[in-house]
Amino acid sequence: MRNIVSPPPERRNILSSYTSPETLRDRSNWYIKLRWIAILIAGIFVFSGSHILNLHLHLTYLTWTLGLLLIFNIGYFLTNKKRRALDRIVELGILKFQMVMDLFFLTILMHLTGGVENPFSFFYFIHVVISSIIFKGKEVYQIAFLAIILFSLEVLGVQFGLLNHFHILSSSEHLHDPVYIYMALSVFCFVILFTAFLASNVTSRYRVIRDELIHKQKQLIVADQAKLDFFRYVAHEMKSPIVTIQSALDTVLSLYKESLNEKADDLLSRSRDRSQQVLDTVKDIVDMTQGTDEKPLQFAPCNVSLLIQNIRESLLDEYAIKQPNIDLRIPDDFEMKTYPELLDKIISNLLSNAIRYSDDNCQVILELIKNSHEMELIIVDFGIGISENEIPMIFDDFYRTAKAREKEKIGTGLGLAIVKRFIDKLGGSIFVNSTLNEGTTFTVKLPIHE
Ligand code: ATP
Ligand code: MG
């Protein structure tokens with residue numbers, strides 16, 4: 001049995017730190033994609049600004065800058081493609097380098113397109129938001145401060161005449177007004193720091209919730225496995241004592257039947273039936289947990305025709321008193337790759353239901369149709385049928401219809417739940433068509449693996 005223990009407190013920290021070099025690489029690839037789009041949009045703006053809006057743009061410098069940015073992005077792209085993500089520090093370093101270089105490029109582009117007079121300074125905010133998605137905590141503020149420093153250097157450099165001013169509009173006297181400049185810079189600093197705070201806060205909250213969910217999901221998987229382990233353990237431990245009790249009862253009933261009085265005979269017979277019921281449940285639990293233990297199921301070639309014939313023989317033995325008529329309409333020696341244990345359980349359960357819920361000497365038909373990519377198994381009976389409102393419930397664990405309980409005392413209601421689970425495992429589907437008192441048809445479709 002596996003123990004479910006709550007994680008140590010440091011677990012949360014481990015979860016919230018940068019997950020893996022691969023995750024950072026994914027972020028880097030995403031960032032490169034964003035840069036392709038940004039370059040394209042900047043190109044369109046430059047072209048339309050100069051040719052349509054007749055802005056005074058220095059096309060040569062701008063083309064050089066955008067061209068250089070394009071070359072850098074090709075470089076990042078090729079580096080990521082060639083190298084596998086190996087180290088978290090290296091990946092983080094590459095991302096930081098890209099982010100810093102982008103801020104430099106953005107400042108050059110801003111400078112060439114009017115600096116403070118260009119409304120596109122909000123691109124700095126986009127940068128800060130992107131950095132909060134890529135990085136955590138202090139790196140976001142580092143990027144925000146770098147943006148403030150670069151933008152302020154550009155604006156003050158122009159203001160103090162250290163840098164050329166590239167006008168994009170003809171009249172821009174207010175740009176030389178120090179009050180306007182300092183106001184614009186203060187608003188810029190405030191908004192960018194506020195953006196950094198807000199964006200890193202939102203993304204860190206999102207990360208905590210996401211980590212919590214991942215952790216809970218892992219706990220659920222462990223709990224589910226523990227439940228299956230427990231079922232398997234109980235089923236295993238119960239099986240042999242029940243078989244022993246049953247064979248002892250069988251022996252007493254067959255050897256001493258004549259000497260038993262009526263009451264004792266009745267008691268022993270009922271005990272025998274009850275033990276059979278428990279044994280059926282135990283067998284169902286074993287089936288339900290099939291393939292979940294350390295020993296995985298074997299995917300192997302299977303002669304489906306032979307498998308069906310063998311099932312027919314054993315069901316004829318099991319239901320000898322009922323004398324059913326099992327009519328097989330199947331191709332000879334049809335082979336396919338599958339999990340034979342699962343296929344066996346699916347067909348046995350459906351065929352035994354068809355016999356169980358029909359009268360003595362009933363007729364049951366099993367047809368196998370082989371299509372190009374899937375096989376269809378159609379099981380038809382003319383028994384008690386299922387009412388329309390009960391059909392959706394029959395695949396639920398432990399569900400038995402009232403009519404079925406009346407006809408057959410013994411039954412756990414797990415057979416179809418197991419069938420459905422196995423069909424899902426094989427990638428197939430199951431359909432039911434039934435009319436009360438007329439009969440039932442189950443159609444199973446399973447993919448064919450050659
Ligand atoms: P067991 O777990 O032993 O197979 P069961 O046969 O009652 O018990 P399922 O095989 O899961 O359980 O079937 C669920 C219910 O669906 C049955 O109890 C019955 O009411 C209904 N059912 C299934 N197959 C048929 C059928 N061929 N005809 C009529 N009712 C059916
Ligand atoms: Mg059944």
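Both ligands and their constituent atoms are indexed starting at 1 by order of listing. Computed over heavy atoms, backbone and side chain alike; hydrogens, waters and symmetry mates excluded.
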Revision key, fill the gap. Residues pairing under ring pair (Phe, Tyr, Trp, His ring centres under 6.0 Å) where one sits in residues 421-448, two or more places apart or in two chains, turn out to be none
**Study point:** Option with minimal heavy-atom separation from atom 31 (C) of ligand 1, where the choices are D381, I386, N353
**Key:** I386
Review point. Counting no waters, what protein N/O/S atoms lie under 2.8 Å from the Mg ion (ligand 2)?
Key: N353 OD1
**Study point:** Which residue and heavy atom of the protein sit nearest atom 28 (N) of ligand 1, plus the separation
**Key:** T440 OG1, 3.4 Å
Review point. Are F125 and F188 close enough that their ring centres sit under 6.0 Å apart?
Key: yes
Check your understanding: Is there a nitrogen or oxygen of N349 sitting under 3.5 Å from a nitrogen or oxygen of ligand 1?
Key -> no
Practice item. Using the ring of Y31 (Phe, Tyr or Trp, six-membered ring only), decide whether R35 places NZ or CZ under 6.0 Å from its centre and within 45 degrees of its axis. Key: yes
**Study point:** Candidate with minimal heavy-atom separation from atom 9 (P) of ligand 1, of L350, L416, D396
**Key:** L416
Practice item. Before signing off on this row, confirm whether G413 and ligand 1 have an N or O atom pair separated by under 3.5 Å. Key: yes
Point to revise | Heavy-atom side-chain contact between I347 and V444 under 4.5 Å | key: no
Review point. For E237, does the CD atom have more than 12 heavy-atom neighbours from other residues, nucleotides or ligands under 6.0 Å away?
Key: yes
Check your understanding: Would R356 count as a contact of ligand 1 if the rule is a heavy atom under 4.0 Å away?
Key -> yes
N/O donor to acceptor pairs below 3.5 angstrom from side-chain atoms of residues 388-396, sequence neighbours left out:
{"residue": "N389", "atom": "OD1", "partner": "S387", "partner atom": "OG", "Å": "2.8"}
{"residue": "E390", "atom": "OE1", "partner": "S387", "partner atom": "OG", "Å": "3.1"}
{"residue": "E390", "atom": "OE2", "partner": "Y399", "partner atom": "OH", "Å": "2.8"}

Exercise for review: Enumerate the atoms of ligand 1 whose separation from the nearest heavy atom of A404 is less than 4.0 angstrom.
Suggested key: 18 (O), 19 (C), 20 (O)
**Study point:** Euclidean distance, I134 CD1 relative to Q98 CD, rounded to 0.5 Å
**Key:** 7.5 Å
Revision key, fill the gap. CD1 of I369 to CZ of R329, rounded to nearest 0.5 Å, is 10.5 Å
Check your understanding: Could you state the interatomic distance from CG (L446) to CD (E376), rounded to the nearest 0.5 Å?
Key -> 10.0 Å
Review point. So between I394, T412, V432, whose heavy atom ends up nearest atom 16 (O) of ligand 1?
Key: I394
Review point. Roughly how far, to the nearest 0.5 Å, is OG1 of T79 from CD1 of I94?
Key: 7.0 Å
Check your understanding: How far is atom 7 (O) of ligand 1 from its nearest protein heavy atom, and which residue and atom is that?
Key -> R400 NE, 2.6 Å
**Study point:** Between N325 and N361: side-chain donor-acceptor atoms closer than 3.5 Å
**Key:** no
Practice item. Give a yes/no on ligand 1: does L414 have at least one heavy atom closer than 4.0 angstrom to it? Key: yes
Practice item. Would you tell me whether R274 and Q277 have side-chain atoms, one donor and one acceptor, within less than 3.5 Å of each other? Key: yes
Revision key, fill the gap. Heavy-atom proximity to atom 25 (C) of ligand 1, picking from Y399, F398, Y357, points to Y357
**Study point:** Enumerated ligand 1 atoms positioned under 4.0 Å from heavy atoms of D284
**Key:** 2 (O)
Exercise for review: Could you establish whether F442 and ligand 1 come within less than 4.0 Å of each other, counting only heavy atoms on the residue side?
Suggested key: yes
**Study point:** atom 20 (O) of ligand 1 [closest protein heavy-atom partner, distance rounded to 0.1 Å]
**Key:** T401 OG1, 2.7 Å
Check your understanding: Do any pairs count as a ring pair (Phe, Tyr, Trp, His ring centres under 6.0 Å) and have a residue in residues 334-384, sequence neighbours left out, and if so which ones?
Key -> F299-Y339
